[in-house]
Amino acid sequence: MVLYELFAHPVERGYRAGLGSKAALFLLLAAALTYLPPLLLAFRTHGFWLKRSSYEEQPTVRFQHQVLFVALLGPAPGGFLAWSTFPTFNRLQGASLRVPLVSTREEDKNQDGKMDLLHFKMELPLQASEQVLGVQLILTFSYQLHRMSTFVMQSMAFLQSFFPVPGAQLYVNGDLKLQQKQPLSHRGLDVRYNVPVINGTSPFARDFDLTNIAAAYQERNVTTILSDPNPIWLVGRAADAPFVINAIIRYPVEVISYQPGFWEMIKFAWIQYISILLVFLWVFERIKIFVFQNQVVTTVPVAPTSPVASYKEHLSE
């Protein structure tokens with residue numbers, strides 16, 4: 001009798017279960033069919049547990065003033081000029097070392113305390129007989145995220161362009177975009193990639209080889225790339241003019257993928273469950289009303305009483 005009163009709809013409370021307890025058994029079965037199938041349905045249709053989520057954040061990016069540059073010369077094959085901000089690399093270049101004039105400027109366009117873009121300009125002095133057919137350029141950055149987990153890494157932008165005709169200037173305008181092979185954590189400190197992209201203190205030539213640098217960098221699960229650089233190759237260099245690289249690298253707002261925490265997963269799962277449960281509640285409430293009003297199971301109809309009247313009746317006894 002107590003079980004029936006617990007599950008009964010207000011309309012059903014005008015009926016009382018008979019001595020055979022068929023009504024109580026029916027209510028127990030109805031409760032099981034109301035609350036369990038939505039849970040199984042939400043789970044089996046996938047998306048019940050939120051395994052990955054995302055948010056937007058403007059990263060804190062700063063240029064580290066580390067440069068590694070190689071200019072490929074023509075028309076004779078094998079000729080090149082190189083320079084970097086790493087003394088060991090420069091010593092390894094011998095006669096191919098050529099020191100350029102470099103100027104940089106970072107700009108905070110919206111005055112929010114975070115840099116929005118980098119203006120990079122390099123002027124490489126050339127002899128009258130030297131002609132540039134291609135460039136390879138690495139710039140390194142400090143990259144930080146703070147909204148969820150505190151993520152800190154050292155990253156790079158790699159630019160590589162080759163053209164069939166000698167050039168006077170290369171113009172680049174692109175975004176420093178984040179690439180993720182796995183989501184970040186939702187909290188804590190992540191500094192696993194806060195290590196130099198180029199080991200500038202190494203005495204070994206292999207640590208400055210572009211192939212090795214790129215291969216080691218791609219082993220990371222989180223990197224940055226220079227996206228959509230749209231290189232423009234300008235020709236017509238004067239005999240005494242330098243080769244110029246003009247680059248604008250933007251630091252855009254990123255969509256960050258992360259692993260949700262326990263409570264966020266529970267909140268999302270609860271929403272999936274409730275949205276299906278409401279339909280089952282509506283259906284089974286009407287089934288129960290039909291069953292009791294039409295005496296499908298044995299019940300004894302009684303007049304519904306208000307809680308106050310019931311309380312007074314109990315006191316009078």
Side-chain angles (χ1 to χ4, degrees), residues 61-86 89-90 92-110 115-141 143 155-179 197-198 208-211 213-214 217-218 223-252:
V61 184
R62 295 306 301 266
F63 179 50
Q64 292 187 307
H65 301 281
Q66 293 179 343
V67 182
L68 194 152
F69 170 73
V70 177
L72 304 180
L73 304 180
F80 72 95
L81 298 174
W83 173 82
S84 78
T85 54
F86 307 104
F89 175 83
N90 293 340
L92 294 171
Q93 303 313 309
S96 297
L97 178 65
R98 185 72 56 84
V99 180
L101 175 64
V102 178
S103 60
T104 64
R105 176 174 58 88
E106 287 182 293
E107 183 178 348
D108 180 8
K109 297 186 67 175
N110 55 8
M115 296 300 173
D116 295 308
L117 56 89
L118 167 70
H119 296 272
F120 178 87
K121 184 176 182 180
M122 172 184 287
E123 298 181 11
L124 179 68
L126 296 175
Q127 299 177 5
S129 60
E130 294 174 332
Q131 297 177 336
V132 177
L133 295 178
V135 298
Q136 295 172 319
L137 176 66
I138 292 179
L139 306 177
T140 67
F141 299 85
Y143 197 98
S155 67
M156 75 173 183
F158 178 59
L159 171 65
Q160 181 171 254
S161 295
F162 302 96
F163 296 89
V165 295
Q169 180 177 337
L170 175 64
Y171 175 79
V172 176
N173 193 327
D175 294 335
L176 187 70
K177 294 289 293 181
L178 184 71
Q179 283 197 327
V197 175
I198 303 173
F208 297 97
D209 184 87
L210 292 179
T211 302
I213 294 172
Y217 188 69
Q218 289 303 316
T223 59
T224 58
I225 63 168
L226 185 59
S227 177
D228 300 323
N230 300 314
I232 299 176
W233 188 254
L234 303 177
V235 300
R237 183 181 67 87
D240 58 345
F243 177 80
V244 179
I245 297 178
N246 264 314
I248 298 176
I249 300 177
R250 306 177 187 277
Y251 311 149

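Starting from 1, each residue takes its place in the sequence as its number. We use all heavy atoms of the structure for the numbers below, so side chains are in, but hydrogens, waters and symmetry mates are not.
- Taking 4.5 Å as the limit, some side-chain heavy atom of Phe120 sits within range of a side-chain heavy atom of Val102.
- Residue Ala157 comes nearest to Leu226 through the heavy atom pair CB-CB, 4.2 Å, listed as atom of the first residue, atom of the second, then distance.
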*Ile213 and Leu68: side-chain contact (heavy atoms from CB on, under 4.5 Å), yes or no, with the steps?*
CA-CA 11 Å; Ile213 294 172; Leu68 194 152; 4.3 Å; yes
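- Nearest heavy atom pair, residue Gly236 against residue Ala168, reads C-CB, 3.9 Å.
- What you find for Val70 and Ala82 is that their closest heavy atoms are CG2-CB, 4.2 Å.
- Interatomic distance, Leu178 CG to Ser227 OG, rounded to the nearest 0.5 Å: 11.5 Å.
- Legend: side-chain hydrogen bond (donor to acceptor under 3.5 Å, both in side chains) pairs involving residues 240-252, not counting sequence neighbours, sorted by first then second residue: Glu106-Tyr251, Asn173-Arg250.
- The closest side-chain heavy-atom distance from Gln160 to Val135 is not below 4.5 Å.
- Considering every non-hydrogen atom in both Arg237 and Pro242, the closest pair reads CD-O, 3.9 Å.
- No side-chain heavy atom of Leu118 sits less than 4.5 Å from a side-chain heavy atom of Leu176.
- Remark: the Thr224 side chain and the Tyr217 side chain contain an N/O donor-acceptor pair separated by less than 3.5 Å.
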*Decide side-chain contact (heavy atoms from CB on, under 4.5 Å) for Val132 and Leu81; before the verdict, give the C-alpha distance in whole Å, the side-chain angles of both, and the deciding distance to 0.1 Å.*
CA-CA 9 Å; Val132 177; Leu81 298 174; over 6 Å; no
*Derivation of the side-chain contact (heavy atoms from CB on, under 4.5 Å) call for Leu139 and Leu159*: CA-CA 9 Å; Leu139 306 177; Leu159 171 65; over 6 Å; no
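- Applying the side-chain hydrogen bond (donor to acceptor under 3.5 Å, both in side chains) rule to pairs touching residues 76-86 yields Ser84-Asn90, sequence neighbours excluded.
- Here Glu107 contributes atom CD and Ile248 contributes atom CD1; the two are 9.0 Å apart, rounded to the nearest 0.5 Å.
- In this structure the side chain of Phe141 reaches within 4.5 angstrom of the side chain of Ile249, judged on heavy atoms.
- Between Phe163 and Trp233, the ring planes are parallel. Angles under 30° get that label, and only those over 60° would be called perpendicular.
- Contact between Leu126 and Phe243 at its shortest, heavy atoms only, is CD1-CB, 3.7 Å.
- Closest heavy-atom contact between Lys109 and Asp116: N-OD2, 2.8 Å.
- Distance alone, capped at 3.5 Å, places no donor-acceptor pair between the Asp175 side chain and the Lys177 backbone.
- In this structure, Asn230 and Tyr171 have side chains that are not in contact, with every pair of non-hydrogen atoms separated by 4.5 Å or more.
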*Apply side-chain contact (heavy atoms from CB on, under 4.5 Å) to the pair Met115 and Val61, showing each step before the final yes or no.*
CA-CA 7 Å; Met115 296 300 173; Val61 184; 6.0 Å; no
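- Going from atom CZ of Phe63 over to atom NE2 of His119 covers 13.5 Å, rounded to the nearest 0.5 Å.
- The only member of Ile198, Val197, Ile225 that meets side chain to side chain contact (heavy atoms under 4.5 Å, CB included) when paired with Met156 is Val197.
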